[in-house]
Amino acid sequence: MLASGGSRSRDRAHYFRMTGGMSPFSPARSARSLPVVALALLALLSTGVAHATPAELLGVGPKGVALAGSGTSLDLGPGAALANPAGLANQSEKELTFGYRATRFALSIESGASELSYPADLSSGLEFGVAAPLSQGFIQSGVGLMVATPPNFVVRAEVPFDGTPWFPLIAGRAQALDFGAGFGLRVGPVSAGAGLRALAALSGSVAVAGGTSSAGGVGTRLVPAWAPSLGLRLDLESIGRVGASFRGVLRADFDADVAAPRLGPITLAPLNVVGVAAYEPLRVELEFSRTMGPLEVVLGARYEHWAGFDGWVGPTIACPPGRPSCGTPPPASPNYSDVFTPRLGATYRFDISPVMLDLRAGYTFVPSPVPEQVGVKNEFDAARHGFGLGYSLSLPDDLVPLHLDAAFRLDLLVPRTHHKAGAPAVSTSGSAQTVVFGVGVEL
Amino acid sequence: MTPTRALGCLAAPLLLALLAASPLAASPDTQRGFGTRSGSLVGSNGAEVDDASAVFSNPAGLADVPHTLVLFGYESHANDLTHDGTEAALDTIGTYEFGLAVPGAIRGIPIGFGLSLALPDGRLSNLRQVEPTEPYFPLDDAVPRLLDLGTAIAVRPVTSLSIGAGIGFVSSLSGAFRVRGTAVAADGEGAEYDSNLSHAVDADLLSSRYPILGIGYRPLDILSLALSYRGAVRVRQQIEGTLKGDLAIGPLLVPVEYAFSTDATVAYSPPELTLFASVGPATRLRVHGAVAWQRYSSYASPYTRSTTRLLTNLPPGLGLPPDDPGTPPPPARFNDRLVPRLGVERSFEVAGGTAVIARGGYSYEQSPVPGSQENTLFFDMNRHAVGLGAGLTVRGPAPPFAELRLDLGLEYVLGTARSFESRGARGVTQHRADGNLLSLGATLGVFFGDPRDAPEEGASSAR
């Protein structure tokens, strides 16, 4: 039961092309419409959808990506502003980092005899961070910020019509700005930190054809969407390090009030074009790491509260006060579930004088919060195995205090089948490959 | 009188004025530089700037930042602008400022990084599209409602020369929404809410970047020169919408498709090249001068180009609107201008490591808006800007603080009434712009770090 929402092209001209207004894939029809299903899949347009941030999906910087999302108990430099601000207290040197990340998705959808590739865009981003110690001694403190931004946009809001197949939590989560700033304080073995994560949310008003043939005024307000982040870290010397972090819901909405369109003497209801451009659920992380000679191992888990998510779009017609119901029903709840994500990683250090080489590897299993799509909706998602590899090459300080990092991560989606009532089942599978390069310099 | 009480007497009137800011409106050019010190000196101090404000005025100054700096500030921008005697509907803007500067060195070569952020009214932007028939203050309406976000890095390869480069960010909107389903025509009794519609959205908040470059040169201990360039800032808003499905008018059900688009440059700040000079003719006295060339001739028309299209089988005679392919907006035809700026700083040592600084500045800004316009209603005045301010610097108060700086300031812009004519569909009409602007601000800079990190003295002798 796949449905095409018409055009989903980034080519804006498509929006003015006459295509079938209503979905040709009504439930009653879809069982006998495999060729049409194939066409509908082909009609899926272009890009990935953007619904959260790459750091949450893949890890922070080259180190976090190589260790499959680890970092809550580790020294990440400026990346601690995203992973655990308590880590900024351990910043001993001023540090600047620059990097580039690219993620390629290979996602496929199969229904009956048709198997088609989901046309997700390459996701890429420039990364930049700075961290500095503010005080040393008995009370250590540090500050840092980290930004990872797609080259051309801050955030992309792409929500298709119900029934259109898409992968909101896989391809979409790699298409938004990451911004984090934090402060860390350490007394003895205990570090604590606080910070902010930010996105941009849009609210606006659109007046369409206010009684004449011309489109009326448009006003927009961009407001920052903030989420607090808190962190703790305990350094137990030879026993190891424990890190814990909390981040509130990070949610960027779009909300456009379209004044009642008037087609000459005909007036329509005001439109309520609302939805969610980017969403990261409440997140709690717990991680333990221990160094044993040249080997450092890290074991952690993440909890994400997806059950509180209320859906990607709101009702297109908002009922006026005093009227209990309207012709447009409210969208059904997505029924997402909370998830626990375990992970582990290891770093082995080679002292190749005068340079140091760290080799890193990690693994994580990420369950899917999205239920099986048995109805009209086709919000596809699947559990995935994430494998990371990477290295860091540190040059001697008396030459240039520089380290070069690279990482590769492969996410393999567990094949999943969605059984539709009265329609062919739909199966999804695929992978995502991520590469990250970074350079850090101590000032 | 103790130094603290003396400072209190000096700061109290400014703080009272800040708290009592009247409900007026803002201007981009009242933000002459980032932070209160720059505002008090009306943006003349680019040759001697050693904090996070260097990101926007002259990135090369980041190489002179003495210690790691965290900066917080608040500014209130207000106006009483009038068009043809009518008060302009521009609100007061309160801007929250944040800055971070991290100095360092690689192999002994000083390097500095900086980030500055100003949030007007706590938002990233608050913009609207305007019509050519609407009175519009092009320099005061949009740009003050934009986020200022910039980051830069600087290096000082030799003692007398520093070079900096950075990027400023603004965000544009390009998006479309589509609505489908069955729309019910209004009947006066709420039938339109029986519509069964759904929507899809495809929108990008695009990141638009502009370059910021700066070079600083200090040929003598008492003389600093700088040249900075900032690229054009352009915010574009493109919105498309379609409504496609069935239209129910009583028992009649007809297919309909309605589409519209709007496209406008809703905020624009021109490219700017500024030459700065600062001299120290006497101990603790600094005189700053600047001349800025602003290329307003490239000012993009702020007006909207709109299109509409309606496809339906409804019978003619119902008064349905015809399709509108849109007409190009009238051009702005602004003029380039030179803006001279002058500032003076005098510091007074009140105790060991503590100094009070008095500041003042003046600039004259000739309006870039033409006095004879066609099909536009751009209101603007020539402006005299006067800045006043006071600063307190405390060096080495207690670890981990290396230095604290508190700056308070105001900037008053006196507009000289200006008349212009506009030729439009109603013939030639005469108009008059008038008004004043007031900005008040406070900035706290907290420097952290070991005094051994500080570069050699002389970066900011007035302090």
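Just so it is clear: chains get the letters A, B, ... in the order the sequence lines come, proteins before strands, and each one is counted from 1.
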Heavy-atom cut-off 4.5 Å, strictly under: side chain, backbone, both or neither for [X] against chain B?
X      : value
A:P331 : neither
A:A318 : backbone
A:E93  : neither

Measure the shortest side-chain to side-chain distance between A:V130 and B:L100 over non-hydrogen atoms and say whether it is less than 4.5 angstrom.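 They are in side-chain contact.
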Any B:N196 side-chain heavy atom under 4.5 Å of A:P329 side chain: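 SC-SC contact between B:N196 and A:P329 confirmed.
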I'd like to verify something: which residue of [options] has the highest number of heavy-atom pairs under 4.5 Å with chain B?
options                        : value
A:I139, A:V147, A:L268         : A:L268
A:L402, A:V273, A:V313         : A:V273
A:V441, A:T149, A:T267, A:N272 : A:T267
A:V143, A:T316, A:V274         : A:T316

Leading residue by heavy atom contact count with chain A [cutoff under 4.5 Å; candidates B:A183, B:G112, B:A105]: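 Heavy-atom pairs under 4.5 Å are most numerous for B:A105.
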Identify the two heavy atoms, one from [X] and one from [Y], that lie closest to each other, and give their separation to 0.1 Å.
X      : Y      : result
B:P400 : A:S135 : CB-CB, 3.3 Å
A:D162 : B:R180 : O-NH2, 3.4 Å
A:A269 : B:E192 : CB-O, 3.4 Å

Side chain, backbone, both or neither of [X] within contact of chain A (heavy atoms, under 4.5 Å):
X      : answer
B:V446 : neither
B:F113 : side chain
B:T151 : side chain
B:I106 : side chain

Start with the C-alpha distance between A:F183 and B:V70, add both sets of side-chain angles, then the distance that settles side chain to side chain contact (heavy atoms under 4.5 Å, CB included), and finish with yes or no. CA-CA 11 Å; A:F183 169 79; B:V70 180; over 6 Å; no
Starting at [atom1] of [X], measure out to [atom2] of [Y] and round the result to the nearest 0.5 Å.
X      : Y      : atom1 : atom2 : result
A:I317 : B:H199 : CD1   : NE2   : 10.5 Å
B:L247 : A:I266 : CG    : CD1   : 5.0 Å
B:L117 : A:L145 : CG    : CG    : 10.0 Å
B:Y193 : A:C319 : OH    : SG    : 8.5 Å
B:I153 : A:F98  : CD1   : CZ    : 4.5 Å

Tell me whether B:D194 is salt-bridged to A:R323, with the criterion being a basic N under 4.0 Å from an acidic carboxylate O.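 Here B:D194 pairs with A:R323 in a salt bridge, since their nearest N and O are under 4.0 Å apart.
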